[in-house]
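Working notes, structure below.
These numbers come from a predicted model, not from an experiment. Protein chains get the first letters and strands the later ones, always in sequence-line order, with residue 1 at the start of each.
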Amino acid sequence: MDNLKKYNQAFIDTFRISEDQLQNLQYQSIEAWDSVGHMSLIAALEDAFDIMFETDDIIDFSSYQKGKELIAKYDVQL
Amino acid sequence: MARTIFITGSNRGIGFAVLNKFSKKEQDSKIIAHARIETPEFLEKLASLKNNNIEPVYFDLLDTENLKKQVSAIIKSYKKIDVLINNAGVVKAPKSFLMCDENTLRETFEINFFAQVFITQLITRAMIRNNSGAIVNLASVAGISGIEGQFEYVASKSAVIGMTKRLAIELAPYKIRVNAVAPGMTDTEMMSNMENNLREKLLSNSISKRLAQPDEIADVIYFLTSVESSYINGQILTVNGGGYVF
């Protein structure tokens, strides 16, 4: 599975949503992406890419798109 | 069930008693035993435990950046952490509030509170991944009732109590329990920083008329990490032999 697919799958599995919901997805824009869901998403991404987010990046991770920017800091090319 | 347990300040006092307790009760569990620095005394103590599943780790709680690096490395290495014992703490020589200097105040809070916050913030991420965990923070009766001449210690332990209550609420959805133990006067090196007349006064006003042994505190800490305490959450369990009358 390529990295973009893995990135998308983390959202899909964590929030139980479909791929067509991803592009405009933002923190708290759906019920599942609350503060509890947020940490579950972070854990899923850390597991998928074997990385560990800095606390500041967890805070800044405010949307699907922003997450793409942030994850690049960890040498993950999407 | 084999667990992964992380104990801060495990080289002496209550921390070593906790390490000893887990070491005896959980031969198959991995125990990460933190101390500030490696010393021959600590290595000797570790050898005496005869448990090959203990991994000592060394870092200074005053060095926040390094603390974060070290704890992150532990998480990367172990992935799964089941138990966190936030034991490390410091008490300085007694001074009145008006004589409490900034360095003493900041250093006490750095070790007794902020280090615990940062360690917990990282460790809970490993616990969230497994949707389970038990955290026990070391508070103190001083943080509940106050004690003469130790403003910064009292204030920092009160902060630990607040942290415990808040975290219990916030982490409950991930099935992580957070409790604190508030020991009374305990027979450790820390007691040497208490003035003799205050110590005698507190002892004479206590119901048990004696100091706690570190092992008696460790028993309660162990219990709070066990399934037997599965419905205890957000509590500050006072272990002071029946209390003091001020």
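- Under a cut-off of 6.0 angstrom, the local environment of CG in A/D2 is crowded, with over 12 non-hydrogen atoms contributed by other residues, nucleotides or ligands.
- A/M52 CE to B/L122 CG: the interatomic distance, rounded to the nearest 0.5 Å, is 5.0 Å.
- Shortest non-hydrogen contact noted between B/Y174 and A/S40 is CE2-OG, 4.3 Å.
- Side-chain contact between A/T55 and B/K68: absent, with no pair of heavy atoms (C-beta onward) separated by less than 4.5 Å.
- In this structure, A/E46 pairs ionically with B/R125, as a charged nitrogen and a carboxylate oxygen lie closer than 4.0 Å.
- For A/K6, the NZ atom sits in a packed shell: over 12 heavy atoms of surrounding residues, nucleotides or ligands are nearer than 6.0 Å.
- Rounding to the nearest 0.5 Å gives a distance of 9.5 Å between CD of B/E170 and CE of A/M39.
- Looking only at side-chain heavy atoms (C-beta outward), B/K79 and A/D50 come within less than 4.5 Å of each other.
- Interface summary for chain A: among B/N131, B/I128, B/L171, the most heavy-atom pairs under 4.5 angstrom belong to B/I128.
- Counting heavy atoms of neighbouring residues, nucleotides and ligands inside a 6.0 Å radius, atom CD of A/Q28 exceeds 12 of them.
- Within 6.0 Å of NZ on B/K24 lie no more than 12 heavy atoms contributed by other residues, nucleotides or ligands.
- For A/K5, the NZ atom is loosely surrounded, since the number of other residues' heavy atoms within 6.0 Å does not exceed 12.
- The contact between A/I51 and chain B is made entirely by backbone atoms, counting heavy-atom distances below 4.5 Å.
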